[in-house]
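The next block holds one structure in the form of structure tokens; read it before the comments.
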Amino acid sequence: LSRCFPDINVQYGFDSRPGKFFQTEPTNAQPHTLVISVFVNPFDWVDMMRRNPINAPTHKDLEWTDFVTTPWERKRSNMDENLEDTDSAVCSFGFSYNEVIPCMT
């Protein structure tokens with residue numbers, strides 16, 4: 001989009017969190033906003049994730065069957081285990097403790 005419309009500011013999401021996923025609703029009006037959705041065949045998407053398992057270090061360099069059958073989980077970090085009050089913890093990118101693992105990075 002940036003190449004087609006060089007005078008327009010193109011960005012993923014709003015200003016609350018980086019990337020395109022897990023966005024919070026903006027607190028102020030977003031004038032002249034166009035939201036574009038991209039849909040990918042689920043099989044192609046899984047294969048793209050297999051080749052580049054972003055945020056899934058236990059899935060790196062796995063063959064297809066192992067990739068899709070290995071549990072998708074993250075462990076709490078040492079910093080998470082040292083939190084005294086998880087109810088009021090503010091984690092990475094404004095998530096709460098129960099919304100993201102690990103909380104502290």
Side-chain angles (χ1 to χ4, degrees):
L1 287 174
S2 298
R3 285 182 278 173
C4 293
F5 304 100
D7 298 331
I8 295 177
N9 178 24
V10 177
Q11 68 183 39
Y12 285 125
F14 301 107
D15 294 327
S16 61
R17 296 182 176 134
K20 51 195 166 280
F21 300 113
F22 307 112
Q23 294 294 312
T24 55
E25 190 168 338
T27 55
N28 54 346
Q30 300 291 311
H32 309 299
T33 300
L34 173 65
V35 176
I36 298 175
S37 295
V38 177
F39 298 91
V40 179
N41 173 316
F43 296 104
D44 293 335
W45 180 80
V46 171
D47 195 47
M48 287 187 289
M49 288 295 296
R50 183 185 64 80
R51 287 185 268 134
N52 185 20
I54 300 168
N55 298 321
T58 59
H59 284 68
K60 190 172 176 129
D61 299 323
L62 295 180
E63 293 300 321
W64 174 263
T65 302
D66 294 330
F67 181 83
V68 297
T69 58
T70 299
W72 197 274
E73 60 187 6
R74 293 287 303 259
K75 305 272 189 243
R76 292 269 176 210
S77 68
N78 292 339
M79 291 184 284
D80 283 9
E81 293 172 8
N82 293 330
L83 286 171
E84 293 181 15
D85 183 9
T86 57
D87 291 334
S88 63
V90 178
C91 303
S92 301
F93 306 115
F95 285 105
S96 69
Y97 184 82
N98 293 322
E99 291 177 316
V100 65
I101 296 175
C103 172
M104 309 304 282
T105 56

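Numbers here are sequence positions counted from 1.
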Q. Once you round to the nearest 0.5 Å, how far does CE of M79 lie from SG of C91?
A. 10.5 Å
Q.
Less than 4.5 Å apart, side chain to side chain, heavy atoms only: is that true for M49 and V46?
A. no
Q: Would you sort out whether W45 and F39 count as a ring pair (Phe, Tyr, Trp, His ring centres under 6.0 Å), showing the intermediate values?
A: CA-CA 9 Å; W45 180 80; F39 298 91; over 10 Å; no
Q) Taking the side chain from N82 and the backbone from N78, do they hold a donor-acceptor pair closer than 3.5 Å? A) yes
Q. Of the non-hydrogen atoms in C103 and A89, which two are nearest, and what is the gap between them?
A. SG-CB, 4.5 Å
**Q.** With sequence neighbours excluded, residues passing side chain to side chain donor-acceptor pair (under 3.5 Å) with R76
**A.** D80, Y97
Q.
Determine whether a donor-acceptor pair (N or O, by modelled atom type, separation under 3.5 Å) exists between the side chain of H59 and the backbone of T70.
A. yes
Q: Step through it carefully: locate the ring centre of F43, locate the ring centre of W64, and say whether they are under 6.0 Å apart.
A: no
**Q.** Worked verdict on V100 versus R74 for side-chain contact (heavy atoms from CB on, under 4.5 Å)
**A.** CA-CA 9 Å; V100 65; R74 293 287 303 259; over 6 Å; no
Q: Treat each ILVMFWY residue as a node, draw an edge where side-chain heavy atoms are under 4.5 Å apart, and state whether L62 and M48 are in one component.
A: yes
Q: Could you give me the CA-CA distance, side-chain angles and deciding distance for L83 and M104, then say whether side-chain contact (heavy atoms from CB on, under 4.5 Å) is met?
A: CA-CA 9 Å; L83 286 171; M104 309 304 282; 4.1 Å; yes
**Q.** Rounded distance [0.5 Å steps], CG in N41 versus CG in D47
**A.** 10.5 Å
Q. Any chance CD of E63 has more than 12 other-residue heavy atoms, nucleotides or ligands included, within less than 6.0 Å?
A. no
(Q) With rounding to the nearest 0.5 angstrom, report the CG to CZ distance, D61 to R50. (A) 9.5 Å
